[in-house]
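See structure below.
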Amino acid sequence: MAQFQEVSKQSALHPKPAGLVLQYGTAGFRTNAKLLDHIMFRMGLLATLRSKKTKATIGAMVTASHNPEEDNGVKLVDPMGEMVTPTWEGYATQLANAEQEDLLAALKAIIEKEAINMSQEASVFVGKDTRSSSVSLSKAVLDGVSALGGQSKDYGLVTTPQLHYMVCCQNTQGQYGEATVEGYYKKLCQAFIQLTKNASNCTDDQKHLSVDGANGIGALKVREMESHLKKELHLSLFNDGSTGKLNHQCGADFVKVQQKPPTGMKMNSGERCCSFDGDADRIVYYYADSEGQFHLLDGDKVATLISTFLKELLTQAGLDLEIAVVQTAYANGSSTNYLEDTMKVIVRCAKTGVKHLHHAAKEFDIGVYFEANGHGTVLFSKAAEEKIQQLAEDSNANDERKRAALLLQNTVDVINQTVGDAISDMLLIEAILAIKGMTIQQWHSIYKDLPNRQLKVKVSDRRVIDTTDEERRAVSPAGLQEAVDTLVKKYSQGRSFVRPSGTEDVVRVYAEAETQESADALAHEVSLAVYRLAGGVGGEPKPLH
Ligand code: NG1
Ligand code: ZN
């Protein structure tokens with residue numbers, strides 16, 4: 001067939017380095033940009049097949065999120081804006097690793113297995129982040145699409161969640177919104193402005209927020225959006241990419257893991273600040289108190305704020321909808337206790353990676369999901385949205401119920417339900433704080449985080465670590481979990497677990513305990529156990545103090 005001849009011809013221009021093996025990981029392929037040209041071309045091919053199979057538009061986003069500038073990556077977006085399904089992640093890995101001469105056979109195997117009608121039209125939306133390598137790599141994706149005769153639309157520079165949004169808008173024939181960046185700003189900002197009308201006496205100071213753009217795409221997009229906010233939110237942008245390096249000493253991942261402010265940011269005491277990551281799908285908040293001490297409000301605090309707000313509105317509206325919060329093992333123990341014991345909301349634990357959280361959140365009328373690192377959103381079931389709408393339009397409902405329903409409606413509209421979105425989350429958080437007349441200090445004091453520490457350990461093959469119980473326990477290598485259990489017992493309020501990263505070649509260690517010294521010591525001791533029992537490489541992990 002002519003299509004396959006074209007694939008053969010084009011793939012020669014995007015050759016695979018022989019022997020290179022890469023996995024579709026927690027969030028797509030991710031590694032040094034120099035190794036990715038063939039992967040991009042092949043993901044263009046796969047996105048086209050996925051589009052033919054689903055008879056819908058598929059997305060391909062070129063980004064390596066919070067990884068260093070030298071890295072890049074690609075992830076595929078399914079028709080409703082979700083992450084591509086696990087079976088197709090498997091195909092992605094197969095296609096990516098087929099040697100040059102086996103590519104056509106690998107492609108045909110997928111076509112056959114999925115019984116894909118190759119005369120079906122295909123449409124792929126492509127987006128990229130601000131990495132210099134993204135320019136040629138996104139072209140390679142477009143080449144892959146055209147080699148299989150698919151139609152593509154290149155959105156150019158967009159945040160990851162913006163691309164997810166476009167895909168969903170397109171496949172819902174505009175029901176979810178208009179599939180343009182302008183349409184995205186309009187929908188979110190209009191909802192934000194409606195929400196803030198419910199805030200009384202908001203001063204200019206309270207409307208101010210400092211944003212660390214991680215020197216990435218989020219900074220560009222916040223600038224683009226600003227005029228739509230009609231001065232209801234005043235943003236001071238730092239690390240906007242004009243001088244600094246992407247994700248270097250800044251961005252949500254740096255702030256969360258290092259538990260300190262990004263460089264290049266001016267922090268006045270008590271003022272709200274937030275950081276995006278490199279592709280603007282994560283957000284964390286923080287502030288410095290009058291003594292200059294830094295306080296972090298991570299994804300767990302965000303989930304708590306949002307779920308409290310929603311629960312209050314549901315009560316006011318008299319709507320009987322089940323609300324749950326989905327977290328991962330990285331959620332701070334205090335947040336889980338607070339949500340379950342004080343807030344009385346259902347809490348579920350899912351494996352790391354938003355696709356797992358997203359899936360779990362779909363089980364509820366309203367599913368609030370956040371990773372501790374600030375990646376998350378809220379999902380409303382169709383039935384929930386309908387009930388909210390009915391009440392908002394019910395002329396017999398009393399004023400309080402109606403007001404709550406309208407607030408819920410605008411909340412639904414300000415949220416990007418397709419995936420975690422730093423811009424959308426920021427607008428929602430700002431609206432909630434304004435409506436509740438809450439300062440960042442008050443939000444922070446809802447519960448007190450247990451001191452915690454995250455470390456990385458290099459091992460020769462991280463696959464020797466296998467986990468169970470949503471990654472909270474290791475089943476291999478032998479003896480590791482027992483060692484962790486023994487160490488944890490030494491510390492008051494201790495908790496620790498280890499898992500192989502899905503985005504970096506490391507094993508991650510998490511520990512929390514009553515004091516920072518204990519959390520640091522526990523994390524270090526567990527790192528040593530990993531190093532000794534799971535084939536550590538390089539020097540032994542050193543104590544933090
Ligand atoms: P890995 O490298 O698998 O831990 C990291 C984050 C995930 C998720 C992905 C994708 C942590 C501990 N892990 O995954 O939560 O966000 O990157 O970006 O934050
Ligand atoms: Zn990201």
Side-chain angles (χ1 to χ4, degrees), residues 23-31 61-68 71-75 77 83 89 127-131 134 158-164 213-219 221 246-247 250-259 275-284 296 298-300 302-303 326-332 349-358 369-377 416 419-425 452-458 462-463 465 467 470-472 496-512 523:
Q23 295 282 328
Y24 196 96
T26 316
F29 291 101
R30 213 179 272 192
T31 188
M61 180 70 196
V62 176
T63 179
S65 184
H66 57 279
N67 285 40
D71 285 358
N72 216 323
V74 59
K75 43 193 168 189
V77 181
M83 304 288 182
E89 288 187 359
K128 61 169 183 276
D129 72 9
T130 54
R131 289 175 159 80
S134 294
V158 281
T159 69
T160 294
Q162 283 178 334
L163 187 78
H164 284 250
N215 291 317
I217 184 69
K221 296 295 150 179
L246 177 71
N247 295 330
C250 63
D253 197 60
F254 173 85
V255 172
K256 166 75 182 156
V257 177
Q258 302 294 324
Q259 305 186 23
S275 284
F276 292 3
D277 75 335
D279 62 343
D281 58 3
R282 291 190 194 177
I283 188 167
V284 294
L296 176 70
D298 62 4
D300 304 333
V302 174
V326 184
Q327 307 184 309
T328 70
Y330 291 99
N332 195 279
C349 181
K351 281 192 209 162
T352 302
V354 280
K355 60 189 174 200
H356 302 296
L357 289 99
H358 193 94
Y369 73 81
F370 271 88
E371 295 189 308
N373 60 33
H375 195 177
T377 187
N416 181 352
V419 77
D421 182 336
I423 291 179
S424 150
D425 291 338
N452 58 88
R453 181 65 63 196
Q454 239 196 79
L455 296 174
K456 301 177 191 181
V457 185
K458 279 239 171 233
R462 68 195 199 274
R463 287 172 303 182
I465 296 190
T467 63
E470 313 306 339
E471 307 179 319
R472 288 174 287 198
S496 179
F497 65 93
V498 303
R499 58 174 278 281
S501 159
T503 61
E504 286 176 69
D505 191 11
V506 295
V507 174
R508 293 199 198 284
V509 170
Y510 176 86
E512 62 185 33

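What you see below is based on every heavy atom in this structure, not just the backbone, and it leaves out hydrogens, waters and symmetry mates. Whatever order the structure lists ligands and atoms in, that order sets their numbers, starting from 1.
At distances below 3.5 Å, at least one donor-acceptor pair connects side-chain atoms of Asp300 with backbone N or O atoms of Asn332. For the pair Asn247 (side chain) and Asn67 (backbone), a donor-acceptor distance under 3.5 Å is present.
For Arg30, the heavy-atom gap to ligand 1 drops under 4.0 angstrom. Heavy atoms of His66 approach ligand 1 to within less than 4.0 angstrom.
Glu470 is linked by a salt bridge (charged side-chain N to carboxylate O under 4.0 Å, His left out) to nothing, counting only residues two or more places apart in sequence or in another chain. A search for side chain to side chain donor-acceptor pair (under 3.5 Å) contacts involving Gln454 returns nothing, not counting sequence neighbours. Here Asn373 pairs with Glu371 under the side chain to side chain donor-acceptor pair (under 3.5 Å) rule; sequence neighbours left out.
Counting atoms of ligand 1 from 1 in the listed order, those under 4.0 Å from a heavy atom of Gly502 are 1 (P), 2 (O), 3 (O). Using a 4.0 Å cut-off to heavy atoms of Ser501, the atoms of ligand 1 that qualify are 1 (P), 2 (O), 3 (O). Taking every heavy atom of Ala27 and a limit of under 4.0 angstrom, the matching atoms of ligand 1 come to 10 (C). Atoms of ligand 1 found under 4.0 Å from any heavy atom of Tyr330, numbered from 1 in the order shown, are 12 (C). For ligand 1, the atoms sitting less than 4.0 Å from at least one non-hydrogen atom of Arg499 are 1 (P), 3 (O), 4 (O), numbered in the order shown with element in parentheses. Those atoms of ligand 1 that come under 4.0 Å of a heavy atom in Thr352, given as number and element, are 7 (C), 13 (N), 15 (O).
Taking all atoms of both residues into account, the shortest heavy-atom contact from Asp298 to Lys256 is OD2-NZ, 2.9 Å. Residue Glu471 comes nearest to Thr352 through the heavy atom pair OE1-OG1, 2.7 Å, listed as atom of the first residue, atom of the second, then distance. The minimum heavy-atom distance linking Phe276 with Ala214 is given by the pair O-CB, 3.4 Å. Taking every heavy atom of both residues into account, Ser65 and Asp277 meet most closely at OG-OD2, 2.8 Å.
With distances taken over non-hydrogen atoms, the option nearest atom 18 (O) of ligand 1 out of His375, Arg282, Lys355 is Arg282. Comparing Asp253, Asp281, Thr160, Asn373 by heavy-atom distance to atom 11 (C) of ligand 1, the nearest is Asn373.
Neither the backbone nor the side chain of Lys351 has a heavy atom within less than 4.0 Å of ligand 1. At a heavy-atom distance under 4.0 Å, no atom of Lys256 approaches ligand 1. Counting heavy atoms closer than 4.0 Å to ligand 1, residue Tyr510 contributes nothing at all.
At a threshold of 4.0 Å, the pair Lys75-Asp281 counts as salt-bridged, since one of the basic side-chain nitrogens sits closer than that to a carboxylate oxygen. Under the 4.0 Å criterion applied to side-chain N and carboxylate O atoms, Asp71 and Arg30 are not assigned as salt-bridge partners.
Remark: minimum distance from atom 16 (O) of ligand 1 to any protein heavy atom is reached at Glu371 OE1, 2.9 Å. Among all non-hydrogen protein atoms, the one lying nearest atom 4 (O) of ligand 1 is Arg508 NE, 2.6 Å.
Nearby protein atoms of type N, O or S around the Zn ion (ligand 2) amount to 4 (distance under 2.8 Å).
Considering Asp253, Asp425, Asp421 as possible partners of Arg282, the one that fulfils the salt bridge (charged side-chain N to carboxylate O under 4.0 Å, His left out) test is Asp253.
Counting heavy atoms from C-beta outward, Arg499 and Lys351 have side chains that stay 4.5 Å or more apart.
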